[in-house]
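See below for the structure under consideration.
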Amino acid sequence: MTDQGATAEQADAVRLSDPVPDDVILRERADKGDPLLSVKGLEKHFPIVKGLLRRQVGAVRAVDGVTFDVYRGETLGLVGESGCGKTTTGRLLTRLVEPTGGSIDFDGRDIAHLRQGKLRPLRRDMQMIFQDPFSSLNPRHTVGTIVGAPFRIQNVKTEHGIKRAVQDLLKLVGLSPEHYNRYPHEFSGGQRQRIGIARTLALRPKLIVADEPVSALDVSIQAQVVNLLDDIQREFDLTYVFIAHDLSVVRHISDRVAVMYLGKVVEIADRDDLYTRPRHPYTVALMSAVPVPDPARRDRAQRERVLLTGDVPSPINPPSGCRFRTRCWKAQEICATEEPPLLPRLGDAASHQTACHFPIDDAEEVAGRSSRATA
Amino acid sequence: MVVGPGTVSDQVPVTPDPAEGSVPGKAIEGRSLGRIAWTRLKRDKVAMSGGYVIVFLILVAIFAPLIVKFLGDPPNEFHQNLIDTSTLAPKGGTGISGDHLFGVEPQNGRDIFSRVVYGARISLLIAFLATGLSVVIGSILGVVAGFFGGWVDALISRAMDVFLAFPLLVFSIALAGVIPDKAFGLTGDALRIALLVFIIGFFSWPYIGRIVRGQTLSLREREFVDAARSLGARGPYIIFKELLPNLVAPILIYATLLIPTNILFEAALSFLGVGVRPPTASWGGMLSDAARFYTIWHFMFFPGMAIFITVLAFNLFGDGLRDALDPKGRR
Ligand SMILES: Nc1ncnc2c1ncn2[C@@H]1O[C@H](COP(=O)(O)OP(=O)(O)OP(=O)(O)O)[C@@H](O)[C@H]1O
Ligand SMILES: [Mg+2]
């Protein structure tokens with residue numbers, strides 16, 4: 001880190017961290033301890049089959065070598081554009097799909113290839129919140145049936161019966177216990193998402209994978225649901241993997257953030273590190289896509305916007321070397337031939353890793369913003 | 001900024017009941033999609049009249065002996081005294097009178113009214129049982145094909161194609177010819193009815209099977225199935241508790257629409273002599289008898305009308321049911 005960069009960058013730090021509420025900023029950063037979830041080289045290739053004989057003609061490399069840890073009690077944000085493999089990663093973590101390669105250590109046990117029968121008892125400890133509140137609740141079931149399903153499926157006895165337990169859960173997520181006999185179609189999107197959250201909480205899991213839990217909701221409701229997730233995390237000591245497609249949503253709730261591009265993690269860092277010192281050009285590009293809530297600064301942010309051109313390449317046939325090179329303004333020859341490993345760059349701490357041959361240094365980050373804007 | 005769970009504003013259901021506010025603390029009964037569909041169906045006059053006709057026909061079939069006792073004569077009783085022996089036609093053209101509401105048959109003078117009433121028993125019984133059989137086979141195989149996919153799906157789907165391409169009429173005529181009077185411990189009408197139920201039901205299940213398979217394919221992708229799976233639910237739980245409740249509506253609709261098809265099919269088979277044996281009355285069989293006396297209009301008219309009204313009633317009701325339960329009509 002250079003000295004000149006530091007002052008400029010500190011100013012930047014204040015600016016970027018402004019909208020984060022104080023209590024979140026000051027929240028105690030827990031001692032990391034041992035990871036609850038440890039993923040190494042995770043891969044999921046969906047086969048593409050053709051013809052009557054179902055011959056495999058290729059594969060969608062939805063997740064292609066992803067490595068990260070999630071520590072107990074923290075929230076890891078997982079961010080990337082549509083189609084980069086976030087949902088698939090989440091479904092791998094909860095073993096809704098079986099990985100093609102790699103390992104998933106959950107609570108000291110590799111669950112990557114565990115059979116469903118062996119997995120069943122472990123499922124109590126990991127739950128998933130789904131993206132679409134309209135399709136994640138069975139329209140033919142009452143709220144009571146939906147939220148009570150975990151007890152029935154896992155055959156868990158509750159102290160005062162399932163109905164009481166469900167009503168307590170409904171209260172917990174801000175719904176009325178009187179909603180017990182109602183049907184999902186009688187609720188708004190935000191309320192449905194609360195019902196889904198109540199269901200995930202039923203068995204007191206350790207890990208919750210939240211797949212874009214607020215993307216389908218009204219902006220005005222999003223904050224309420226994020227805050228609810230925040231509250232229950234504290235109350236029940238939960239660990240979150242929080243998936244989102246833009247960095248602004250993840251910012252409030254995450255302790256660390258991983259940025260995904262085309263099936264790979266391109267940058268992973270502590271939240272504040274990432275937002276103040278993004279290294280990967282893709283992270284910078286994503287960040288400039290974050291809308292700035294303060295109108296006084298909107299104007300400046302607009303000028304600094306890095307627009308990503310072109311579409312995401314197909315995961316069936318990803319670019320050689322660095323996958324982002326086809327859309328990167330810094331790409332050179334080496335980017336096409338050599339895949340950059342995920343490492344601490346430019347003297348970053350071990351916790352801040354970037355997969356880029358030409359990471360953006362602090363000075364460039366600031367200067368680059370205005371020069372790119374004039375170009 | 002941090003909003004407690006108790007202070008949220010989106011707490012009121014979007015469709016609040018007027019009564020809801022007045023009885024706080026009392027559990028609110030939700031309105032299921034089925035109940036909503038029923039409300040919608042009740043408003044559909046055409047479908048409801050179809051429904052009333054169906055109920056009426058079922059009652060007629062059940063109480064046939066009682067009806068005939070008061071309004072007609074036993075269906076197989078001859079009334080030769082009402083027949084003009086030179087033309088074989090009923091005296092006075094039709095023989096319609098207070099005793100014989102629909103007139104009498106030419107040649108032997110049987111009461112057409114009571115034969116039509118008894119014919120309803122055969123027609124409805126065979127149509128309902130055959131539809132029930134195809135619903136059972138079609139639903140099971142359809143859900144299995146859609147849920148498991150892969151080669152299971154390929155196998156079942158090809159089987160459906162084969163069954164739909166089968167030259168059924170030719171097959172049933174041939175089969176009826178070789179079936180003896182006594183088989184599978186059954187004789188007479190019971191055997192014939194069982195045979196018709198089997199033939200019709202066994203060859204019409206692919207209509208239900210295709211619908212159920214398609215619906216299962218799309219339901220399987222819904223996130224609530226993933227939610228159940230991530231809770232550790234096994235295949236049978238997902239099929240019976242998660243998928244099936246969502247399949248009831250399409251199954252009900254297509255079963256209702258399959259019944260008239262099967263009534264026509266039964267009539268056609270009876271017309272061709274594959275159905276119940278004379279003298280047992282069936283609508284198709286009556287039409288077949290009437291064909292020999294095509295100048296005597298009323299003989300063909302009444303069983304023909306019975307078939308027409310029954311088929312129309314089921315179709316109108318089935319269409320209304322589809323409109324009421326149609327997912328697209330839903331929010
Ligand atoms: N079951 C599947 N079979 C084949 N391909 C799949 C399957 N599921 C996902 N994919 C493909 O894998 C890639 C990653 O999909 P995924 O749903 O994980 O992306 P995502 O990051 O969650 O996107 P979004 O933001 O749109 O939800 C996509 O190209 C998608 O088409
Ligand atoms: Mg997704």
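In the text below, chain A, chain B and the rest are named by the order of the sequence lines, each starting its count at 1. Because only heavy atoms are used, hydrogens play no part in the values below, and waters and symmetry mates are left out as well, while side chains stay in.
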Tell me the closest heavy-atom pair linking [X] and [Y], and the distance in Å.
X: A:A149; Y: B:Y237; answer: CB-OH, 4.0 Å
X: A:R123; Y: B:L231; answer: CD-C, 4.0 Å
X: B:F224; Y: A:S136; answer: CB-O, 3.4 Å
X: A:S135; Y: B:R222; answer: CB-NE, 3.8 Å

Top of A:M128, A:R199, A:H141 for chain B proximity - count of heavy-atom pairs under 4.5 angstrom: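 Of the candidates given, the most pairs with chain B belong to A:H141.
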Measuring from atom [atom1] of [X] to atom [atom2] of [Y], what distance do you get when rounded to the nearest 0.5 angstrom?
X: A:D211; Y: B:E223; atom1: CG; atom2: CD; value: 7.0 Å
X: A:T145; Y: B:E242; atom1: OG1; atom2: CD; value: 9.5 Å
X: A:I153; Y: B:S230; atom1: CD1; atom2: OG; value: 8.5 Å
X: A:Q116; Y: B:R234; atom1: CD; atom2: CZ; value: 10.5 Å

With a 4.5 angstrom heavy-atom cut-off, could you sort out which part of B:I36 is near chain A: side chain, backbone, both or neither?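 Only the side chain of B:I36 comes within 4.5 Å of chain A.
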Heavy-atom proximity to chain B below 4.5 Å, by part of [X]:
X: A:L203; result: side chain
X: A:Q127; result: side chain
X: A:L137; result: backbone
X: A:R91; result: side chain

Enclosure of [X] [atom1] (heavy-atom neighbours >12, cutoff 6.0 Å):
X: B:Y207; atom1: OH; result: no
X: A:F236; atom1: CZ; result: yes
X: B:F240; atom1: CZ; result: no

Any donor-acceptor pair under 3.5 Å from A:R140 side chain to B:N246 backbone: no
